[in-house]
Amino acid sequence: MRIVILCGGESAERDVSLASGSSVARALLERDHRVVLVDPGAEEPVLAGPLRPGDVVDAFAVGKEPPSAAGRRLLRERVRARLTEGPVLDLLREADLVFLALHGGWGEDGRVQDLLGAAGIRFTGAGSAACAAAWHKDRAQAALAAAGLPVVERAVWRPGPGEVPEEVRRLVAAGPVVAKPVADGSSVSVHLVDSLAELALVAAGTGPDGVELLVEPFLPGREFTVAVVGDQVLPVVEIELTTPLFDYTAKYQPDAVTEVCPARVPTDFADRLQELALRAHQVLGFGTDVYSRTDFRCDAAGEPMCMEVNALPGLTATSLLPLAATGAGWTYPDLIQRIVDLATR
């Protein structure tokens, strides 16, 4: 099969996406597919290819910090232009399948899926509506709560002139709280805040783009994640932290955390997390032909709360979805082939 892998892109998770793309390329070549690796945000968008089985793809290392906001504006313009006309779009149209290894931003908020769908191009993963539903954390949690799933109390605030909203002040007073962009991924710009003064510093760092912040209570309990691939729920992964938060650095630097799969928890608790993950997958519109990963954090009493649903979770060598697949007895190429099969069946 002729498969174009889209990776890189314009989001804060650009490095993660490039690492996912190179890993996916190696797996697809191992399964005898022909592959082109494309970064629509790069100056030269075709990173490698056409590649055939037996060709070598270099690994891409994830940097310690996400890309700057300034550089992302240029990347965004390139992505928009290349996915609406020109040789990159022609290359995508000629493929049998586009494998989306984009994370965050346009790759995960539904806009890339919308563009590909309008061009009649078949791609892996969820469609535009499900991606958009999951990407905005506040709206996603509202939908989950309406369906009876456990979520935390939260408030959304767009920093600017004027007083901090009362609901935000109340959460901080009961603190500590976590403040993060309401629409972003890979734990980018996540902050643990103990006071309004600290929150003001976080707000000042959001820049002039009017980024909305989601403010929610800090949960001191254990952290878990559960993936769904098609109609199969994978084993529970526990993220054992040495820091209060599972932030960007902890996620993508070796030995920053310990990730255990299957999680060392009672069977009934694991079953409950898996049931919640499947329900979250379904509530946000993910069908049996796509995949997702739902993150949980426990409160002081040990009760799990649904924090977010990831439409295009990381596929790097150290990512959580491949670890869960290993716990299910799948190799990494098995996982990638299953994602291809879901998109083409």
Side-chain angles (χ1 to χ4, degrees), residues 2-25 28 35-43 45-47 49 66-67 71-137 139-140 181 183-186 188 284-287 289-293 308-316 321 336 339-340 342-344:
R2 296 171 301 169
I3 300 178
V4 173
I5 303 168
L6 274 186
C7 63
E10 50 72 51
S11 82
E13 298 178 73
R14 174 177 170 77
D15 278 9
V16 182
S17 177
L18 288 166
S20 287
S22 62
S23 296
V24 170
L28 291 174
V35 172
V36 179
L37 194 61
V38 172
D39 174 7
E43 189 172 345
V46 178
L47 303 180
R72 290 175 57 191
R73 294 187 183 91
L74 172 61
L75 294 168
R76 191 171 298 123
E77 289 306 313
R78 285 178 179 164
V79 172
R80 179 187 292 110
R82 285 169 174 163
L83 295 185
T84 52
E85 61 181 351
V88 170
L89 183 60
D90 293 339
L91 184 62
L92 300 180
R93 283 184 167 134
E94 292 165 2
D96 297 316
L97 179 69
V98 171
F99 194 110
L100 289 181
L102 294 166
H103 310 309
W106 278 40
E108 207 161 351
D109 68 4
R111 280 181 281 189
V112 165
Q113 291 80 0
D114 211 19
L115 291 171
L116 295 178
I121 296 169
R122 184 162 57 176
F123 56 88
T124 60
S128 176
C131 288
W135 181 241
H136 193 282
K137 295 180 178 68
R139 290 198 289 266
D184 217 330
S186 251
V188 174
L284 294 184
F286 293 82
D289 57 346
V290 299
Y291 62 104
S292 72
R293 199 197 76 224
E308 62 182 281
V309 179
N310 301 271
L312 287 177
L315 292 171
T316 73
L321 174 54
I336 300 307
I339 291 171
V340 168
L342 289 173
T344 55

Exercise. In Å, rounded to the nearest 0.5 Å, how long is the span from CZ of Arg82 to CG of Leu115?
Worked result: 14.5 Å

Exercise. Of all heavy-atom pairs between Arg80 and Thr84, which one has the smallest distance, and what is that distance?
Worked result: O-OG1, 2.8 Å

Exercise. If only atom types and distance count, is the side chain of Arg14 paired as donor or acceptor with the main-chain N or O of Gly9 below 3.5 Å?
Worked result: yes

Exercise. With a 4.5 Å limit on heavy-atom distance, are the side chains of Glu94 and Val4 in contact?
Worked result: no

Problem set entry | Full working for side chain to side chain contact (heavy atoms under 4.5 Å, CB included) between Val112 and Phe123 | CA-CA 10 Å; Val112 165; Phe123 56 88; over 6 Å; no

Seminar exercise, completed: CG of Leu28 to CD1 of Ile336, rounded to nearest 0.5 Å, is 6.5 Å

Problem set entry | The single option from Asp39, Val36, Val38 passing side-chain contact (heavy atoms from CB on, under 4.5 Å) against Leu47 | Asp39

For this session: State the CZ-CG distance between Arg122 and Leu116, to the nearest 0.5 angstrom.
Result: 13.0 Å

For this session: Apply the test side chain to side chain contact (heavy atoms under 4.5 Å, CB included) to residues Thr124 and Leu97: give CA-CA distance (whole Å), side-chain angles for both, the deciding distance (0.1 Å), then the verdict.
Result: CA-CA 8 Å; Thr124 60; Leu97 179 69; 3.8 Å; yes

Exercise. Can you tell me how far the CG atom of Leu37 sits from the SG atom of Cys7, to the nearest 0.5 Å?
Worked result: 4.0 Å

Exercise. Name the one of Arg111, Arg78, Arg76 that satisfies salt bridge (Lys or Arg N to Asp or Glu O under 4.0 Å) with Glu10?
Worked result: Arg76

Problem set entry | side chain to side chain contact (heavy atoms under 4.5 Å, CB included) between His103 and Ser20, worked out | CA-CA 9 Å; His103 310 309; Ser20 287; 2.8 Å; yes

Problem set entry | Close side-chain approach of Arg93 and Ile121, heavy atoms under 4.5 Å | yes

For this session: Could you tell me whether the side chain of Ser292 reaches within less than 4.5 Å of the side chain of Val309, counting heavy atoms only?
Result: yes

Seminar exercise, completed: Note: Leu100 and Leu312 closest approach over all heavy atoms is O-CD2, 4.0 Å

Exercise. Side chain to side chain contact (heavy atoms under 4.5 Å, CB included) between Leu6 and Leu92: does it pass, once the steps are laid out?
Worked result: CA-CA 9 Å; Leu6 274 186; Leu92 300 180; 4.2 Å; yes

Exercise. Taking all non-hydrogen atoms of both residues, which atom of Ala134 and which atom of Ala140 are closest, and how far apart?
Worked result: O-CB, 3.9 Å

